[in-house]
Amino acid sequence: MFSAFPITDPTLIFFIVMLIILFAPIVMGKLRIPHIIGMVLAGVAVGEYGFNILKRDDSFELFGRVGLYYIMFLAALEMDSGALKRNKYRFMIFGLTTFAVPFVLIYLLGTTFLNYTTAASLLLATLMASNTLIAYPIVGRYGLQRNPAVSLSVGSTMIALFLSLVVLAMIVAAHNEDGGSLFWLWFVLKVVGFCGGMAFFVPRLTRWFLRRYSDAVMQFIFVMAILFLSASVSSSIGLEGIFGAFLAGLILNRYVPRLSPLMNRIEFIGNAIFIPYFLIGVGMLINLRLLFQGKGIVWVVLGITLVGTLGKAIAAYLASWRFKMPTPSGQMMFGLTSAHAAGAIAIVMVGMQLQVAPGRYLITDDILNAVVIMILITCIISSVITEGAAKTFILSEKNIPGSEMLDKDDESILVPVKYPEYANSLVALAIMMRNPKLNRGIIALNLVYDDENMRANQEKGQRLLDQVSKYAAATDVLTQTQVRIAANIANGIKHAFNEFHASEILIGLHTHKDVSPKFWGQFHQSLFNGLNRQIIMARLNQPLNTIRRIQVAIPSRAQYEPGFYRWLERLARVALNLECRIVFHGRQDTLALVNEFVRNRHAGMRAEYALMGHWNELPSLASTIAPDHLFVVITARKGTVSYKTALDQLPDEITKFFSGTNLMIVFPDQYGDGSEELTFAEPQHTEGTSAYEDVGKWMKKLKK
């Protein structure tokens, strides 16, 4: 066309690719076409077989490979690991089905109608039996990553891919006459050693690293290093790197919470650069002109596309019917498992290197071009079907009973912060507790005394609030902030609570003995005695994403408090976001209601129930709590239904038995809706004990 084309300058190539990434979604959105198709079609247009605008240089190989790894890594990272364990047999059945059905159909097509050799037909069948999660970004855009159909599709993709790689290894070994028992024994040992080594060493290394280094950049680089190490080792033992990328995502799954700055950064980098680069690179390989140069390739394209897609559809709808899943599930499973991309190219490239006779190869150029065009067609089919299924799921969710209650929730979390060392941890906990469907921000508050250091403390407080706002923004959560001057800290928090119409308070538990030797500190006791809404006090000694289990101690009659389901919902969200086990300790009647709530609202949560007949058994729980557990104590204010005198000993028991434990103390909503009025004319302090109690304690000491 023009002598300036194709562009070979790396800077200009990168610039044009950025323009494509920017404008393809805009144009495709106007045309009501999935964005992914726009990226692939843009690659066709600018590539060698289109208008020849860009040269497919090494950057497309590098970024494209990273993008493919990223798709598999994100798919595993966002999977519901609890669902994976519960439905492992479903994963295996669907994985075998989505591999076997297209494999058999394509093999019969190749040997019967296309007149290919047995080896070529097997290779083509292997190629079509595997699939690439090309439409997975669509699922992420609709927030359906943890939908059962999506999880099933992701898991089955890896099973089908693994089986395809094994068959491919058999074809290569048979061709090289190196397929003896020693070869397969060594292959199995390498795979088992790789998977076992990753599962043993990576979790321990990850916990060690995350506990010691909180820097955002270092954490991101660490996760990327694990990803590419796993992909590299996987390639070296005879498996594709995408298998290693998926395995790395599965292992790191519980250490990268879905609602965390780290996950946000991983998704952002992948969706902004690497995955689009991969899609554009795939498009640049497609030569549509071949469709018009002869009838032979047209029949091959139609044959493998129709039969292979039919096989994937049969497997998806059959599994959906067999597992009695909702109607759109089969459509979603078919959409996600029907696309073929770089994995198919890798398999066909292997076939092109296998020489069956001097100058003749197992896979010819015609088959290669037919496969590449098939990739374009299946990517379009996959994207359109997945988009339609996602919309159907979203519309059906609007009619789920009980969802109206979530939309009417008064949730608004107030987080008073004072010390930089635990401010981010409190905000991270608040983010995990909030309901993302309400899309409400967090209120961060800093209070300073009205004294001679007021101005300096105001500046320090504003810097601290800027810090937590930046942290929350990394997870796309907005924050309202305020530095407030108060003569009394507890009353300042109460006034802010009412002004912001907050629903609850999340505050750090007092740990600075140099400020106050008392367990509750200077104002915590005044706060929970003077405010009847939910107050959560937290002491976190390690990052939340390294918490392995939550243990909850519930007093008898806690279910009669107005705030019973509020704190239960908050803890359920934390457990689900951390993907950790949660154990409830309480009496039989209380645990029955907790179990009913979990089954109805959070059936996927890994919950256990342990009887605790009397509150005096609380110290005995200390022996069951490990350093990476979070111990939650549900307590009560005096004069309420669930209050008991044993709760007066809580500070002493915690100090004695739970001193180094990750701790959370919850004062639930009590006295109804807690709509008490608070004015500036109120007393500036609320006594924790009455004068009569103080006199009684003094007389007991005298008797001793």
Side-chain angles (χ1 to χ4, degrees), residues 36 67-99 102 129-165 195 227 230-231 234 239-254 256 258 263 266-267 270-271 275 278 312 315-317 319-320 323 325-326 328-344 378-379 382-383 385-387 389-390 393 579 604:
I36 289 174
L68 180 59
Y69 292 166
Y70 236 96
I71 289 176
M72 303 309 299
F73 181 67
L74 279 176
L77 207 59
E78 294 174 337
M79 281 185 70
D80 185 347
S81 59
L84 182 62
K85 293 176 182 176
R86 289 193 307 274
N87 301 312
K88 53 182 175 291
Y89 296 112
R90 287 189 173 190
F91 281 86
M92 294 176 63
I93 291 171
F94 182 43
L96 289 171
T97 306
T98 196
F99 170 82
S130 66
N131 62 275
T132 303
L133 294 170
I134 200 85
Y136 187 78
I138 295 174
V139 171
R141 197 168 71 248
Y142 284 95
L144 296 172
Q145 297 95 323
R146 301 203 169 194
N147 181 282
V150 174
S151 298
L152 203 56
S153 302
V154 173
S156 66
T157 294
M158 287 317 300
I159 293 174
L161 174 64
F162 178 76
L163 293 174
S164 296
L165 295 175
C195 295
L227 162 61
S230 180
S234 178
L239 293 172
E240 278 293 314
I242 48 180
F243 181 85
F246 184 82
L247 181 63
L250 281 181
I251 294 172
L252 292 174
N253 182 288
R254 69 170 312 276
V256 186
R258 196 161 43 95
M263 175 63 90
I266 293 171
E267 288 183 331
N271 292 327
I275 294 175
F278 161 68
K312 291 291 185 181
Y317 286 105
S320 174
F323 300 145
M325 300 178 74
S329 298
Q331 184 182 352
M332 176 66 80
M333 292 155 66
F334 170 45
L336 285 173
T337 59
S338 59
H340 306 271
T378 57
C379 285
S382 174
S383 300
I385 291 176
T386 303
E387 183 105 17
F393 269 118
E579 294 194 3

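Throughout, numbering of the chain's residues begins at 1 and tracks the sequence.
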To the nearest 0.5 angstrom, please state how far the [atom1] atom of [X] sits from the [atom2] atom of [Y].
| X | Y | atom1 | atom2 | result |
| --- | --- | --- | --- | --- |
| F91 | L96 | CZ | CG | 13.5 Å |
| L252 | L247 | CG | CG | 9.5 Å |
| L77 | F246 | CG | CZ | 10.5 Å |
| S383 | Y136 | OG | OH | 15.0 Å |
| L336 | S151 | CG | OG | 10.5 Å |
| N147 | M332 | CG | CE | 6.0 Å |

Shortest non-hydrogen separation from A149 to M333 and the atoms involved: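 Here A149 and M333 meet closest at O-CG, 3.6 Å.
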Heavy-atom pair of closest approach, residues H340 and C379: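 Taking every non-hydrogen atom into account, O-SG, 3.9 Å.
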Can you find a heavy atom in the side chain of [X] that is under 4.5 Å from one in the side chain of [Y]?
| X | Y | value |
| --- | --- | --- |
| I266 | Y70 | yes |
| F243 | S230 | no |
| V139 | L133 | no |

Answer yes or no: is there a donor N or O on one side and an acceptor on the other, between the side chain of T386 and the main chain of S382, under 3.5 Å? yes
S338 side chain vs G335 backbone, donor-acceptor pair below 3.5 Å: yes
Step by step, would you call F278 with I134 a side chain to side chain contact (heavy atoms under 4.5 Å, CB included)? CA-CA 10 Å; F278 161 68; I134 200 85; 3.7 Å; yes
ring-ring contact (aromatic ring centres under 6.0 Å, His included) partners for Y69, two or more places apart: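 In terms of ring-ring contact (aromatic ring centres under 6.0 Å, His included), with neighbours along the sequence ignored, Y69 is linked to no residue.
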Please identify each residue that fulfils ring-ring contact (aromatic ring centres under 6.0 Å, His included) with F94, with sequence neighbours left out. none
Contacts of T98 that satisfy side-chain hydrogen bond (donor to acceptor under 3.5 Å, both in side chains) - sequence neighbours left out: K312
Side-chain donor-acceptor pairs under 3.5 Å in residues 156-165, sequence neighbours left out?
| from | atom 1 | to | atom 2 | distance (Å) |
| --- | --- | --- | --- | --- |
| S156 | OG | L152 | O | 3.0 |
| S156 | OG | S153 | O | 2.9 |
| T157 | OG1 | N131 | ND2 | 3.0 |
| T157 | OG1 | S153 | O | 2.7 |
| S164 | OG | T126 | O | 3.3 |
| S164 | OG | A160 | O | 2.9 |

Non-neighbouring partners of I385 that pass side-chain contact (heavy atoms from CB on, under 4.5 Å), sequence neighbours left out: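 Listed in chain order: Q331, F334, I381.
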Taking only residues two or more places apart in sequence, or in another chain, which ones meet I93 in a side-chain contact (heavy atoms from CB on, under 4.5 Å)?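 With neighbours one apart ignored, the set is T97, F323.
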Yes or no on side chain to side chain contact (heavy atoms under 4.5 Å, CB included) for R90 and M325, after CA distance, side-chain angles and deciding distance? CA-CA 12 Å; R90 287 189 173 190; M325 300 178 74; 4.3 Å; yes
